[in-house]
Number of protein chains: 2
Amino acid sequence: MLNEFDIFKDFLRHHHLRWTPQRKLILEVFIEQQGHIVIEDLHKKIHSQDPTIGIATLYRTMKLLVDAGLADMHTFNERTTYERLYKVRHHDHLICKVCGRTIEFEHPLIEKYQLEVCERHGFTLRSHRMELFGICNECRK
Amino acid sequence: MLNEFDIFKDFLRHHHLRWTPQRKLILEVFIEQQGHIVIEDLHKKIHSQDPTIGIATLYRTMKLLVDAGLADMHTFNERTTYERLYKVRHHDHLICKVCGRTIEFEHPLIEKYQLEVCERHGFTLRSHRMELFGICNECRK
DNA sequence: CCCCTTATTGATAACGAATATCAATATAAT
DNA sequence: ATTATATTGATATTCGTTATCAATAAGGGG
């Protein structure tokens, strides 16, 4: 089975783009993260391994990773975060409106009824996004 | 039953804030909108009724409406949108990735399971967004 | 292996949405 | 009416993200 590096390389080749040391390092750092990652944190970690990589390259590469289907971009509480997609089980999000904390969850019955809705409307379902906004346990205290 | 104006007035009084013609107009324009509204559109509509109202006042008032529980703020595709909360039946969206057509739907069971997920995680649910992406009947032909 | 075309890079300028500042004005309690 | 203070609009400022650009690197063809 292909790993993320091969997928990204294929994506680049297919779009006449190039495999560079900077892209390699950014992907390396990205895939070892868990959950949602803020650009700022990603930049810190990358900077500690190679201080010459500019922030613009990081933004550009993250956009490519999204296009390649390896990352997903969200905006939570005015902060852009990236999430690893590949080989990660699909899940939805609980998002605290106060502290911005996000909790991942999955619910098979919700997925089932989504399909039901699609069938009823003659839709072929490809993907979905579900975000529940509220206030978490900690912030309600 | 209280309407949105009374609720907002109460909120203002309670916080030692003032009921002004600008806030009245902004609320008027806001509650006659449907779905998610971008600040830009709101500003246009308000400007056409009163060109003297500044953009800062609009931002300030929208924040108050959120605090008062009358509006909900989301960031979707890097755009901040406001959604009317009070007395509006919630619905979700089917979005065709080919033609962009959107179909609104609601499914009580999905809502029920959302609540279940929230309870399980100690979350107080305030709002949610569910978008199903796919291909519609017309575009599949 | 070397060319040569073209993608990529880092630095930095530019952009734009949102917020802070501030003097003038409006509100509402007294 | 008076007075304290919230509000306003204009504008400056902030800050995350993007565009620009000259120098550099990648990688396909010979």
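Per chain, numbering begins at 1; letters A, B, ... match sequence-line order.
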Inset, instruction - Decide if atom CD of A:Gln34 counts as having more than 12 heavy atoms of other residues, nucleotides or ligands within a radius under 6.0 Å. - result: no
Legend entry - Contact residues, residues 46-63 of chain B to DNA chain C [heavy atom, < 4.0 Å]: B:Ala56, B:Tyr59, B:Arg60, B:Lys63
Inset, instruction - Say whether A:Leu42 and A:Val38 are linked into one hydrophobic cluster, either directly or through other cluster members, by side-chain heavy-atom distances under 4.5 angstrom. - result: no
Inset, instruction - Please report, rounded to the nearest Å, how far the C1' atom of D:dA25 is from the CG atom of A:Leu12. - result: 15 Å
Inset, instruction - Return the value, rounded to whole Å, for the distance between atom CG of B:Asp10 and atom C1' of C:dA28. - result: 16 Å
Legend entry - Residues in contact with DNA chain C, drawn from residues 14-30 of chain B - heavy-atom cutoff 4.0 Å: B:Arg18, B:Trp19, B:Pro21
Inset, instruction - List the atom of A:His121, the atom of A:Val117, and the distance in Å for their closest heavy-atom pair. - result: ND1-O, 3.0 Å
Inset, instruction - Say whether A:Leu25 and A:Ile7 are linked into one hydrophobic cluster, either directly or through other cluster members, by side-chain heavy-atom distances under 4.5 angstrom. - result: yes
Inset, instruction - Any pair with a residue in residues 18-42 of chain B that passes ring pair (Phe, Tyr, Trp, His ring centres under 6.0 Å), sequence neighbours left out, goes on the list, sorted by first then second residue, please. - result: B:His36-B:His74
Inset, instruction - Answer yes if A:Tyr113 and B:Phe133 sit in the same cluster of Ile, Leu, Val, Met, Phe, Trp and Tyr residues linked by side chain heavy atoms under 4.5 Å apart, and no otherwise. - result: no
Legend entry - Interatomic distance, A:Met73 CE vs D:dT18 C1' [rounded to whole Å]: 13 Å
Legend entry - B:His43 NE2 - C:dA18 P separation (whole Å): 12 Å
Inset, instruction - Kindly assign one of parallel, tilted or perpendicular to the pair A:Phe8 and A:Phe11, based on the angle between their ring planes and the thresholds 30° and 60°. - result: parallel
Inset, instruction - Mind calculating the distance between CZ (B:Arg13) and P (D:dA6) to the nearest angstrom? - result: 17 Å
Legend entry - Other residues, nucleotides, ligands: >12 heavy atoms within 6.0 Å of A:Arg79 CZ: no
Legend entry - Whole-Å distance separating the CZ atom of A:Arg79 from the C1' atom of D:dT17: 15 Å
